[in-house]
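Working notes, beginning with the structure itself.
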Amino acid sequence: MATQYGGYMGKVLKIDLTTKEVSEYPFSDRERELFIGGKTMAAKILGDHLKGTEKAFSTENLLVITTGPLTGTGAPSASRFNISTVSPQTGYITSSNCGGHFGYYLKKAGLDALILTGQCEEKTWIEIQNDSVKFHNADDLWGMKTTRTQEALDDKLRMKNGRVRKNGKICIGPAGENLVLYSSIVSNDRVSGRGGTGAVMGWMRLKAVCVSGTKEIPIYDKEKMIAHTKKWFKYLRKHPLTGDQMPRLGTAGLVSSMQMKGMLSTKNYSRGQYEDFEKVSGEVLAEKYNIVNKGCLTCPIRCARTVEVEGRPVKGPELETLVLLGGGILNNDLEAVLKWNYELDELGMDTISAANTLSYAMEANEKGLWDNGLKFSEIEGISKIFEDIAYRRGIGNELAEGSKRLSEKYGGKEFAIHAKGMELAAYEPRKAVGLGLGYAVSNRGGCHLNGGYLVILEGLGLSINQTTYHGKADLTMMFQDLMEMIS
């Protein structure tokens, strides 16, 4: 469908994996006005299809991948994409945002969004190139971890001249293949982490999607767009947060602030401060382990860390991973966190839910509810535990279900820290009660972003009373609306 607006390609593609039918999904210009890309566009598509009774692992569910009108235009921090579906973790609609290259190349192929439904008859990967869609057997890719999968796909896309066709990819690792409820989808080294999107893709028997194209992304007034983009790049580079702290320390730089405010989740959220926080802080990460800063496509902030694990440079941990696999399990070994972060990305597993499920299991063992051998501060063998979760071996088969379901089996619901089945982010809600409310009412579950990220007012930027309830409901509603609008 042609569109009169810049930023949109004017086409949404729907693929029925069961029948291999490929069709254009009708999405009008008026709908593009009302539901501006990203998860808002996905919500409209899901709302038109779902009745509220669909299960995540069913042919009635959809996996909807959407871009925004700014994706691929060069606008700062805008070349991201969204994945929405019914979550196997919560049973509700989830959305997960990713900074890999897939969204950019989806638009280069002439698409604003991709809808996947049904279930492949065999293990499959899909190749999209401009107007062409091809289905390929993925038996040789199944079981591969995420980096090796993407390398193997590049080999398959190698042209006669030996060069790899420029492309964007999404793929799952072993955790998605084995339906770990908090498995993720990976694009480059960026992760669509939360809600179990990888498990939905695994149930569909879809290992990967590769997309490439040569189409121009339309811009209504290119000169004004370039000028406005330069203005925002300049502003972001001058701002003390996006121009200094984030490039210098990344999101990990918030560890010290959270400790000072008493909101650093420690020992499965039993307290808000960790005595060894400095050993797993953003400052130590930057000074001892960061090799070079990287960033998502067209993002000037470049807050991503690069560290060395097993002799190779890999993506370093974000704040959530650092806190929850640090003080969350009483571990002060930063090198272990770097290693686990890499391993979880390779397995295709959400680090937040994996860490919190682990800390629940440690407390259940400590309280005599579940004899599982896991103990706070004892980190030997954790890498094997993560592998066992991804492949659903032994105790890993139970941990793959997440803390909510484990607490229903073994008890300890009062310390299974989740909302709607999704484990919370790293911010201790008793010292950020507005964010605590956001966790509780977020449609996504225990998510700081969908919850409105009110913690930014409660001590991590601006500063209002952390523990007062006054005004927090109104502020939570406003910030949730703002977060929905911009993402």
Side-chain angles (χ1 to χ4, degrees), residues 90 92 95 194 239-242 245-246 249-278 280-282 318-324 326-328 330 352-353 355-356 359-360 363 403-404 407 412-487:
T90 68
Y92 300 102
S95 60
R194 310 226 65 199
H239 193 280
L241 179 62
T242 54
Q245 182 176 324
M246 293 295 283
L249 299 175
T251 59
L254 294 173
V255 169
S256 298
S257 301
M258 290 165 64
Q259 169 77 7
M260 182 176 67
K261 296 286 185 178
M263 59 175 70
L264 189 76
S265 297
T266 302
K267 197 184 180 187
N268 195 30
Y269 300 83
S270 62
R271 56 182 187 265
Q273 291 183 313
Y274 179 41
E275 57 272 18
D276 285 342
F277 80 96
E278 289 180 318
V280 289
S281 67
E318 300 289 345
L319 165 73
E320 313 297 335
T321 309
L322 207 57
V323 174
L324 296 171
L330 298 187
I352 296 176
S353 283
N356 279 330
S359 63
Y360 161 82
E363 187 159 350
S403 57
K404 175 180 182 290
S407 70
K413 291 183 180 181
E414 68 277 11
F415 58 83
I417 311 300
H418 69 87
K420 300 180 175 71
M422 178 184 282
E423 286 77 14
L424 304 191
Y427 309 95
E428 162 58 67
R430 282 166 292 201
K431 286 292 186 178
V433 299
L435 184 63
L437 175 62
Y439 285 144
V441 301
S442 165
N443 63 308
R444 192 187 190 194
C447 170
H448 55 303
L449 298 177
N450 271 52
Y453 202 58
L454 205 61
V455 69
I456 198 69
L457 297 183
E458 294 177 310
L460 296 186
L462 304 174
S463 187
I464 61 176
N465 190 308
Q466 296 169 242
T467 56
T468 184
Y469 297 98
H470 296 298
K472 295 295 176 67
D474 287 339
L475 286 168
T476 297
M477 286 191 290
M478 182 181 75
F479 270 67
Q480 284 186 339
D481 288 346
L482 286 171
M483 294 297 286
E484 294 299 309
M485 181 180 71
I486 63 176
S487 58

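Residues take their numbers from the sequence shown, with the count starting at 1.
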*Are side-chain heavy atoms of Ile456 and Phe479 found at a separation under 4.5 Å?*
yes
*Look only at the side chain of Arg194 and the backbone of Gly446, and say whether a donor-acceptor pair between them is shorter than 3.5 Å.*
yes
*May I ask you to test the Glu458-Thr467 pair for a side-chain heavy-atom distance under 4.5 Å?*
no
*Atom pair CG (Leu254) and NZ (Lys261), whose distance is rounded to the nearest 0.5 Å*: 12.5 Å
*asked:* Could you go through Met477 and Asp474, starting from their C-alpha distance and side-chain angles, then the distance that decides it, and tell me whether this counts as side-chain contact (heavy atoms from CB on, under 4.5 Å)?
replied: CA-CA 5 Å; Met477 286 191 290; Asp474 287 339; 3.4 Å; yes
*Are any side-chain N or O atoms of Ser407 and backbone N or O atoms of Lys404, one a donor and one an acceptor, separated by less than 3.5 Å?*
yes
*About how many Å separate CG of Leu475 and CG of Leu454, when rounded to the nearest 0.5 Å?*
5.5 Å
*Indicate yes or no: at least one non-hydrogen side-chain atom of Val323 is less than 4.5 angstrom from one of Leu264.*
yes
_Short side-chain donor-acceptor distance under 3.5 Å, Ser265 and Glu428_ = no
*asked:* Main chain of Leu424, side chain of Tyr269: is a donor-acceptor contact present, judged purely on distance under 3.5 Å?
replied: yes
*Considering all heavy atoms, the nearest Gly262-Gln273 contact*: CA-CG, 3.8 Å
*Does any non-hydrogen side-chain atom of Lys472 lie less than 4.5 Å from one of Val433?*
yes
_Give me the atom names and distance for the closest heavy-atom approach of Ser95 to Arg444._
O-NE, 2.7 Å
*asked:* Below 30° counts as parallel, above 60° as perpendicular, anything between as tilted: where do the rings of Tyr427 and His448 land?
replied: tilted
*If you look at every heavy atom in Tyr439 and Ala426, which pair is closest and at what distance?*
OH-N, 4.3 Å
_Could you check, using the six-membered ring where one of them is a Trp, whether Phe415 and Tyr360 have ring centers closer than 6.0 angstrom?_
yes
*asked:* Is there a side-chain contact between Ile352 and Thr321 in this structure, where contact means two heavy atoms from C-beta onward sitting under 4.5 Å apart?
replied: no
*Say whether, by atom type as modelled, one donor and one acceptor occur between the side chain of Glu423 and the main chain of Ser403 under 3.5 angstrom.*
yes
*To the nearest 0.5 angstrom, please state how far the CG atom of Asn268 sits from the CG atom of Asn356.*
6.5 Å
*Enter the distance from Ser442:OG to Leu437:CG here, rounded to the nearest 0.5 Å.*
10.5 Å
_If I take atom CD from residue Glu484 and atom CG from residue Leu449, how far apart are they, to the nearest 0.5 angstrom?_
10.0 Å
_If you compare all heavy atoms of Val441 against all heavy atoms of Thr476, which two are closest, and at what distance to 0.1 Å?_
CG2-CG2, 4.5 Å
_Closest non-hydrogen atom pair between Ser359 and Gly328, with its separation_ = CB-O, 3.7 Å
_Residue pair Thr266 / Gly272: nearest heavy atoms and the distance that separates them_ = OG1-C, 4.2 Å
*Are the side chains of Val455 and Met263 in touch, meaning some heavy atoms are under 4.5 Å apart?*
yes
*Spell out, as yes or no, whether a donor-acceptor pair under 3.5 Å connects the side chain of Gln245 to the backbone of Gly250.*
no
*Is there a donor-acceptor pair under 3.5 Å between the side chain of Lys420 and the backbone N or O of Ala440?*
yes
*asked:* Take a 6.0 Å sphere around CD of Glu278 and say whether it holds more than 12 heavy atoms from other residues, nucleotides or ligands.
replied: no
